[in-house]
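Below is one structure, written out as structure tokens; comments come after it.
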Amino acid sequence: MSKQQWTDTALAKALERGKERKSFTSTSDFPVERLSTPEDVHTDYETAIGYPGQYPFTRGVQPTMYRGKLWTMRQYAGFSTAEESNRRYKYLLEQGQTGLSVAFDLPTQIGYDSDDPVATGEIGRVGVAIDSMKDMEILFDGIPMDKVSTSMTINAPAAILLAFYIAAAEKQGVPPDKLQGTIQNDILKEYSARGTYIFPPAPSMRLVTNLFAYCSANTPQWNTISISGYHMREAGCTAAQEIAFTLADGIAYVEAALKAGMDVDDFAGRLAFFYASHNNLLEEVAKFRAARRLWAKIMKERFRARKERSMMMRFHTQTAGCTLTAQQPDNNIVRVAVQSLAAVLGGTQSLHTNSKDEALALPSEETVRIALRTQQIIACESGVADTIDPLAGSYYVESLTDRLQEKAEAYIARIDDMGGAVKAIELGFIQREITESAYEYQKAVETKEQVVVGQNQFIMEKVPVGGLLTIDPETAAFQVRKVTDVRKNRDNAAAREKLAVLRAAAATDDTNLMPLILDCARIYCTEGEICNELRAEFGEYRATEVL
Amino acid sequence: MAERKIRILIAKPGLDGHDRGAKVIARALRDAGYEVIYTGLRQSPEQIAAAAVSEDVDAVGISVLSGAHGYLFPRIIELLREQGADDILVFGGGIIPDADIPVLKAAGVAELFTPGTPLADIINFLRERYPE
Amino acid sequence: MLHKEQAGFDELLARGQNNDKRAIGRMISCIETGGTADHHMMQQLWSHTGRARIVGITGSPGTGKSTLADRMVKYWLTKGYRIGVIAVDPSSPFTGGAILGDRVRMNDLALVHEVYIRSMSARGQLGGLSLACSGAVGVLDACGYDIVLIETVGVGQSEVAIMNVADLVLVISVPGLGDDVQAIKAGILEIGDVFGVNKADLPGADRTAKELKAMLDMNPNMGEHQPPVLMVSAERSQGVDELCDAILENYAWMEESGELLKRRNRRLREELLSYMQDRVYRQVLAPVIENDSFDKNIKDFLSHARNPYVWAGEIADRMEEKLK
């Protein structure tokens, strides 16, 4: 019997007796197939699906996947001061977390010291305040920097914070080549979605590629960028757009590095990616698989990469913060579990699980623990980590993987026509697409076409939530004192000199700024001071606001 | 000549770059017939108050997700008062813990909308304040 | 609230002339609102106006007008001018709502005492720029602003309408917009007094400038005074000084040659005419139509049971009768 015959006979009869509940669409706007059959899968197994650890990596980047090593459980954390965050990191490591992930406060993310007037009210709020290498030393006090793998969510001033990290490690006696971890360093999505930019695109891209070149020679185990779709998804885009905009940014970085004279195989293996995982489980699994296959194709065909590693899309996943509700927050534990499952079934290399209270405040110690336990349950009890890419071969998942890839490729072709991701951002194209999708989603929630349990259906009387994390109001004053002391106790003549050298090099086009920033970091120049030198030379970015 | 439109400034003070909420509200208010003035990211309280006065808006909607609401809201209200513009309504939204809401209201914030608030509630709030 | 302010309009004006931005904002709102209130205001304002140089900036979307306006204001500030900016955005036609976002490019100026920025929606009026816009210009002029910049998105009718409020029009184009040259052909050419090719650092800028010059040369309507074409990069702040100087030089020429007077004559005529049309409509025609209920008859018109032109003629006759 063919699918058509079944549709015309058995199904037709059933539909006569009763209609379906509603029309079904995926978040990426295509109709969800009622039933997928072998007829819906047009891919050739060997070339399009293949084997894990081999091109096109649809089934995963390693031959053993989680049978060899589980994904890295990495909770994004950081708040208040380096002292407080250091305590939280030690707690997480004791609880079985296997990597650190540093969240910085907004003044740090935008290159201002804690005593700058614009930092007022923001110090230590959404992450830890790091003003100089001194704070980085405190942050990793008692944590062996050659043993731990650290991820740092820092973008516009990535080079500076990495310099603080390298310099602090040197003080611990750890040489740069022993450092393992990832720096986000993804400025393009700051312009299109996250908003913590400092400099205009051209000098920003220079800092990105300077960091690539420095790390390629000095920190071979360090991932030099985490090309992030997460924030664009959080800002409202769909799964297909998330693939497309992330990989389009990836293409722009590869092109920039090639233009700076690097060989593709010298840096491509250190490119990492970062995605969100949402509630629509099967679509999310298909998304990860499609993105992996598409990136491999791009690296091989467009950029002629030769090393297999250059074609592997290794990625970190975070469960989707925007799906969490402030209402009935306990329900968020279940959402996070579904999303984590999608990430694991999609073959993620590391995972952050959100805490149930994140729509209300920064997570508390207790809620972070539940989030981590969720990952541990999936890893140790669910059995999904025991076999590789278990959903492969599902007619639906394979056809959805194909369709997502097609849709993403069509977007990338449009972005290519505009002249690439940087141009598309300057034209406001990516921002407009994201905002459109966000508004469409919100309208669907308003009409209850999209049900959000506990928020627009199954509503209950609000129950006050206790145990939220609060930031000590003394934090700001403490941090200001610390940075003032740093400036008082260092060799100020040397600081002025090194800053001047950096400024002069920034004025030229061809000097790698990374070693000069490291010189400044070592003698306790502050982040704000270093950024101000660069601001004076590079100017500041002004957003193309797209509504 | 057209009738007077209700003008609303939608602003993102502080350093937080998460503007999804602000942009969605701006669009929803536009579709509800309001004139929305959008100031973009990283506006200081001083800039926001100055814009509200120059634009002679009826209301200012502020979105804060960074936890800096305890400083930013009262500061903006204070600046509006200093400029004799205390009749401009200030409302807001974002990640604001329940415990902080009475404090902000006492400081003069007319209403606060936390995550998950239907857009219709915000529009109804404005319709009640500014009946047509 | 507004009524209370109307009574104190003289006081508002005095405060505005002292550069109290709250008062300026209020006056512009009153004028925007229209109604009988603004009549008194327009009368009061008139004796204080006529000094400001009113410069329009127009061009297609994506030409960087707002950023350029920001840079021009910054340059003119260094010359000691006080500058008012009116940014006009198109209104959403269905709901009457609008999002006005041009301020974003000028946020640096929000705290500058010598600068006043106001966003306006075109509110779906024919020609895009509303009567309210010239009212707002009047307020800024009366409050001692030396230059008033009117920035408007160049789509459809609004480019032409900018002539009805500005003394001098700066037309911005950029290389690589493809259809830009077409747009120029479609009528911008006639209204530009100064042309700027923005984003001059992009490839093709020279060609765009050359094409523009060639088209201006060929234009038979052009007199001896050829509008200058300048290259500028607002983003890099290059060529902005020269552009601003060229505008004021052109302005000086317009004053000397009598061109300015000619334009202001024509504009005042247009403005008064539409002002009177508006008032006659609201004071005389609107009540009559209401009584005769257009809505009540519309069905009959559409079903051809009644002739709408006969109906319209009757109303006009009745009004004429009344006026006698």
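Letters A, B, ... are given to chains in the order of the sequence lines, protein chains preceding strands, and every chain is numbered from 1. Every value quoted in this text rests on a predicted model; they were computed, and no experiment measured them.
Considering CG of B:Asp19 and OG1 of A:Thr435, their distance stands at 7.0 Å, rounded to 0.5 Å. Rounding to the nearest 0.5 angstrom, the gap separating the CD atom in A:Gln442 from the NZ atom in B:Lys23 is 15.0 Å. Here CG of A:Leu106 is found 6.0 Å from CG of B:Asp16. Values are rounded to the nearest 0.5 Å. A distance of 13.5 Å separates CZ in A:Arg125 from CG in B:Leu65, rounded to the nearest 0.5 Å.
Heavy-atom minimum distance, B:Asp31 versus A:Tyr439: OD2-OH, 2.7 Å. Nearest heavy atom pair, residue A:Ala359 against residue B:Pro115, reads O-CG, 3.6 Å. Contact between B:Leu15 and A:Ile110 at its shortest, heavy atoms only, is O-CD1, 3.4 Å.
In this structure, B:Arg27 does not pair ionically with A:Glu440, as no charged nitrogen and carboxylate oxygen lie closer than 4.0 Å.
Taking A:Glu358, A:Glu436, A:Lys443 one by one and counting their heavy-atom pairs under 4.5 Å with chain B, the maximum is reached by A:Glu436. Between chain B and the residues A:Thr120, A:Val118, A:Leu324, A:Thr325, the largest count of heavy-atom pairs under 4.5 Å involves A:Thr120. For the set A:Gly121, A:Pro117, A:Ala235, A:Gly454, the count of heavy-atom pairs under 4.5 angstrom toward chain B peaks at A:Ala235.
By the neighbour-count criterion of 12 heavy atoms within 6.0 Å, atom CD of B:Glu46 is densely surrounded, having more than that number from other residues, nucleotides or ligands.
Distance alone, capped at 3.5 Å, is enough to place a donor-acceptor pair between the A:Glu446 side chain and the B:Leu119 backbone. Put simply, the side chain of A:Gln455 never gets that close to the backbone of B:Pro118: no donor and acceptor are under 3.5 Å apart.
In this structure, chain B has heavy atoms under 4.5 Å from both the backbone and the side chain of A:Ala438. Proximity to chain B is limited to the side chain of A:Tyr441, based on heavy atoms less than 4.5 angstrom apart. Only the backbone of A:Leu360 comes within less than 4.5 Å of a heavy atom in chain B; its side chain stays farther off. Looking at A:Glu234, the atoms closer than 4.5 Å to chain B (heavy atoms on both sides) all sit in the backbone: N, CA, C or O. With a threshold of 4.5 angstrom between heavy atoms, B:Ala99 does not approach chain A through any atom at all. At a 4.5 Å heavy-atom cutoff, the contact between B:Ala26 and chain A is made by side-chain atoms alone. For a residue to count as touching a neighbouring chain, one of its non-hydrogen atoms must lie under 4.5 Å from one of that chain's; by this rule A:Pro107 touches chain B with backbone and side chain alike.
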Extract all donor-acceptor atom pairs below 3.5 Å that involve side chains of residues 456-465 of chain A and protein atoms in other chains or at least two apart in sequence.
unit_1	atom_1	unit_2	atom_2	d
A:Asn456	OD1	A:Val452	N	2.7
A:Asn456	ND2	A:Val445	O	2.9
A:Asn456	ND2	A:Gln450	O	2.9
A:Lys462	NZ	B:Asp98	OD1	3.1

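Contacts between residues 37-45 of chain B and chain A, counted as heavy-atom pairs separated by less than 4.5 Å, involve B:Tyr38, B:Gly40, B:Leu41, B:Arg42.
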